[in-house]
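Both ligands and their constituent atoms are indexed starting at 1 by order of listing. Hydrogens, waters and symmetry mates are skipped; everything else that's a heavy atom, side chains included, is used.
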Amino acid sequence: MSLSQNSPARLNTLFAKRTQKMKASEIRELLKLLDQPDIISFAGGIPDPAYFPRVAFEQAMLKATSEQAAGIALQYSTSEGYTPLRDWIVDYMGRHGVTCTRDNILITAGSQQALDYLGKLFLDPNDTALVAWPTYMGALGAFNAYEPRYDRFDPQANRPIEDIEADAEAAGGRVKFVYLSSDFANPTGVTLTEDQRRTVLKRAEALGCAVIEDAAYQELRYTGAEVKPMLALEIEEKGDIEECRTIYLGSFSKTLAPGLRVGWAVAAKPVIQQMVLTKQAADLQTATINQIAVNEVARGVFDAHVATLREVYGARLNAMLAALDRHMPEGVEWTRPEGGMFVWVTLPKGMGGAELLVRALEAKVAFVPGGAFYADGSHTNTLRLNFSMSPAAKIEEGIARLGDVIRAGM
Ligand SMILES: Cc1ncc(COP(=O)(O)O)c(C=O)c1O
């Protein structure tokens, strides 16, 4: 049956060109397949719900909806965000070496929203976004709508700045920002050293572009010493956040709970003010009651709760690294992260992560093939393993199954 010229199903022919760059997330499609209880899944990238601070949120929500408080919690609020929460964040950032005021902070609906806003703020079509190879695919998804070109950014590679600029110009735009995760990156788990962070700042300075520092996993450190955020290092160098080109993105998703959708951006005031205008146009504000609850819970249990997560997830990371040592055949390599939620595996050349997944699912074990984390879809012989969702015994069993599947494919 053919659709009539005016059928609503034909509306897709009217979609703006930018929608052609919006692809269904491979991870989300995958997660739909993983509801079967006998599959051991290392595919997700989410916190273990058994460790949500549920009681603290229950109490905070009850308090927020009490007769005295509901008039504020259920009401519209400012676009910048709930002031007491911004003040808690000022303290928190101060503890990590970032001296700022509440006017340097915007509360967003998760850091994902900040990524979208920054794409909207900075990217004209064909402008260049410098990203890690591989990078967080949700960032690529957020930026794609603004039709950028991607170029590889590797703080260790000494590619001349002039070449990066010339390539950006040849593509019809300018280099607008570098987007990087400083700690325990999704998907690799890798952390930038202080030297690398300083190199990023130096190269961004030379390029005259912004730095977007994604700190979603910063608190989830299990071993090793904290490295200061790039924004803190830049403030040290320049003396004032108002002189800085780094835009720091934080999130309560990995520490408290992602369902509340509360994150934040920290930057020089003109950037924050422009983001506030973007927010006013997009969704007016982040949900008032969620910000009030997060403020209450953060002030009550943040440090103790993060300490619990470090213990639980740290043990799971150790279990995964030990299982990989035991079960992976020769020729397979993986990262040894100091925190976060992921280990990144490189298969022997010629072995594809996506094809391996088909066979792994038959063996009842799942992961995310790595190609989707590359802006150019390259390096398909990689995969991402999540360890935050599985207790040690499951990790051992799942990695043993995966080792067998890989060995069989060699
Ligand atoms: C690196 C990174 N940045 C940002 C996000 C988005 O987190 P949220 O919007 O929940 O703060 C995620 C989520 O997985 C992530 O892995």
Side-chain angles (χ1 to χ4, degrees), residues 25-28 30-31 41-49 52 81 85 89 92 105-120 129 131-144 153 177-192 211-221 229-231 246-266 275 279 282-283 286-287 290-291 293-294 297-298 302 306 309 313 335 337 339-344 367-368 370 372-375 384-389:
S25 153
E26 208 170 313
I27 295 191
R28 283 189 203 294
L30 247 173
L31 285 174
S41 176
F42 302 126
I46 56 180
D48 187 337
F52 288 153
L85 180 59
I89 292 169
Y92 170 88
I105 293 167
L106 167 69
I107 307 289
T108 55
S111 48
Q112 190 66 28
Q113 183 174 55
L115 292 171
D116 174 51
Y117 287 179
L118 292 171
K120 201 178 244 179
V131 298
W133 232 246
T135 190
Y136 168 50
M137 74 165 84
L140 298 176
F143 302 149
N144 279 348
F153 187 85
F177 58 71
V178 184
Y179 164 76
L180 289 173
S181 275
S182 27
D183 300 295
F184 331 120
N186 178 2
T188 58
V190 165
T191 296
L192 297 176
V211 175
I212 301 175
E213 175 171 35
D214 187 331
Y217 296 93
Q218 180 181 295
E219 284 299 306
L220 300 183
R221 174 177 282 285
M230 286 189 280
L231 180 53
T246 303
I247 303 159
Y248 172 106
L249 306 184
S251 174
F252 289 104
S253 291
K254 318 296 175 185
T255 48
L256 298 182
L260 277 291
R261 309 306 304 130
V262 181
W264 69 94
V266 188
M275 290 180 83
K279 189 155 182 72
D283 66 344
T286 300
N290 293 4
Q291 296 184 68
V294 164
V297 174
F302 189 85
V306 166
L309 294 181
Y313 294 160
T335 54
M341 294 187 175
F342 307 107
V343 173
W344 181 248
F367 54 81
V368 181
F373 297 95
Y374 290 87
R384 190 190 74 178
L385 300 176
N386 163 267
F387 57 82
S388 59
M389 277 294 282

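Ring geometry for Trp264 against Phe252 counts as tilted: the plane angle lies between 30° and 60°, on a 0 to 90° scale.
For ligand 1, the 4.0 Å heavy-atom shell contains residues Gly110, Ser111, Gln112, Tyr136, Ser181, Asn186, Asp214, Ala216, Tyr217, Ser251, Ser253, Lys254, Arg261.
Side-chain contact annotation: Thr246 with Glu213, donor-acceptor N/O pair under 3.5 Å absent.
One N or O on the side chain of Ser388 and one on the backbone of Ile46 form a donor-acceptor pair closer than 3.5 Å.
Scored by the salt bridge (Lys or Arg N to Asp or Glu O under 4.0 Å) test, Lys254 finds no partners at all (sequence neighbours excluded). Contacts of Arg261 classified as salt bridge (Lys or Arg N to Asp or Glu O under 4.0 Å), with partners at least two apart in sequence or in another chain: none. Judged as a ring pair (Phe, Tyr, Trp, His ring centres under 6.0 Å), and not counting sequence neighbours, the contacts of Phe143 are Phe177, Tyr179.
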